[in-house]
Peer 1: 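Take a look at this one; I'll ask things after.
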Amino acid sequence: MARKKILITREIPDEGVKMLKKKFDVDIYPHDRPIPRRELIKRLQSKRYDALLSILTDNIDAKVLDAAGGQLMVVANYAVGYNNIDLEAAKERKVIITNTPGPEISESVAEHTIALMFGLAHRIVEGDDYARAGRYKYWGPQLLLGSDIVNKTVGIVGMGRIGSSIAKRLHDGFGVKILYTNRSNNKDAEKQFGAKRVSLNELLKRSDFVTLHVPLLPETHHLIGAKQLKMMKKTAFLINTSRGPVVDEKALIAALKKQSIGGAALDVYEFEPKIPYALRTLSNVISTPHTASATIETRQSMSRRAAENIIAVLSGKKPKNKVV
Ligand code: DGY
């Protein structure tokens, strides 16, 4: 029997690729950049693939699915988020969509988020810039004064796996008070870390750090805008490692310029990969290029998960991480 065919749209860490190569014919887009849409469509039309392993910059919509043809059984997205995929179009065409959630990715994103919090509070990036520029001439009692995290209040918007991991580490290690919003109560977080579920407005008013962990959905688009930023304390920090459009970037830039909040740390942007000039130059901002999950352990585990999902579907089994 002919081997099934897989297209991987961008080189990924190798463990899952090796698993797939043992069983299937695997093509990988060879360049170190996202596959252009036209190229993706052309490749899908030229070879009848049974599975597609996509990354979050690939827009998988009806046109792409139709180009792939009716034999396409699964699109395994190499990400937890799947806002780059038209789920309705996939359902209509009976194409299974999978993602790559798991404890490893939650831990990595939680660690990165906490690193950003510390970076802001202790002004690590500003200090590094200062030292590199050769500006450190004398020790100063008021040089780069920051703030502590211990005993502060952290507001977690979305108490899922990542939110819980952040709550655990900050509660156990630094005695922070945890406020959270979520669609439903997270009893474990309440019992284990004393987390208190409150309204978004109350969370914004009371928190020293506000960190976002919600998926991008119509109801979370611009969840944090001018009105919400105004509710935050003048000293509070906003951290976003979820999806860029959850924050109204224009409103955030205005708040940062006015210093009506203490600062922000961002791993995601409204019009990614575009990072507005203001966010790249304001001293009360830390930016990373969507690398919150970029540890070798996590990116390999995502590679294995995506491969396992494809192998399951192509062997007629239910994949572990089915989205639709
Ligand atoms: C995800 O998984 O959705 C991250 O944003 C990228 O790893």
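Remember, it's 1-based here, ligands and their atoms both numbered in the order they're listed.
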Peer 1: I need the nearest protein heavy-atom contact for atom 6 (C) of ligand 1: residue, atom name and distance, please.
Peer 2: Leu56 CD2, 3.5 Å
Peer 1: With under 30° as parallel and over 60° as perpendicular, where do the rings of His122 and Phe118 fit, or are they tilted in between?
Peer 2: parallel
Peer 1: Would you mind telling me which of His112, Arg161, Arg169 makes a side-chain hydrogen bond (donor to acceptor under 3.5 Å, both in side chains) with Glu107?
Peer 2: Arg169
Peer 1: Show which atoms of ligand 1 fall inside a sub-4.0 Å distance from at least one heavy-atom site of Ala79.
Peer 2: 1 (C), 2 (O), 3 (O)
Peer 1: Which protein heavy atom lies closest to atom 2 (O) of ligand 1, and at what distance to 0.1 Å?
Peer 2: Val80 N, 2.6 Å
Peer 1: Using a 4.0 Å cut-off to any heavy atom of Met302, which atoms of ligand 1 qualify?
Peer 2: 7 (O)
Peer 1: Would you check the N or O atoms of Gly81, main chain and side chain alike, for any that come under 3.5 Å of an N or O of ligand 1?
Peer 2: yes
Peer 1: Could you pull out all residues at least two apart from Arg3 that satisfy salt bridge (Lys or Arg N to Asp or Glu O under 4.0 Å)?
Peer 2: Asp25
Peer 1: Is Ile105 touching ligand 1 with its side chain, its backbone, both, or neither, if touching means heavy atoms under 4.0 Å apart?
Peer 2: side chain
Peer 1: Measure Ser293 to ligand 1 on non-hydrogen atoms and call it side chain, backbone, both or neither using the 4.0 Å cut-off.
Peer 2: side chain
Peer 1: Identify the closest protein heavy atom to atom 3 (O) of ligand 1: which residue and atom is it, and at what distance?
Peer 2: Arg243 NH2, 2.7 Å
Peer 1: Are Phe193 and Tyr180 an aromatic pair by the rule of ring centers under 6.0 Å?
Peer 2: no
Peer 1: Given Tyr269 and His290, is the side-chain contact (heavy atoms from CB on, under 4.5 Å) satisfied, shown in steps?
Peer 2: CA-CA 8 Å; Tyr269 307 90; His290 204 146; 5.8 Å; no
Peer 1: Counting only heavy atoms from other residues, nucleotides and ligands, does the tally under 6.0 Å from NZ of Lys168 exceed 12?
Peer 2: no
Peer 1: If you have a sec, work out which protein heavy atom is nearest atom 4 (C) of ligand 1 and how many Å separate them, to one decimal?
Peer 2: His290 NE2, 3.7 Å
Peer 1: Could you give me the CA-CA distance, side-chain angles and deciding distance for Leu179 and Glu202, then say whether side-chain contact (heavy atoms from CB on, under 4.5 Å) is met?
Peer 2: CA-CA 9 Å; Leu179 302 177; Glu202 187 177 344; 5.7 Å; no
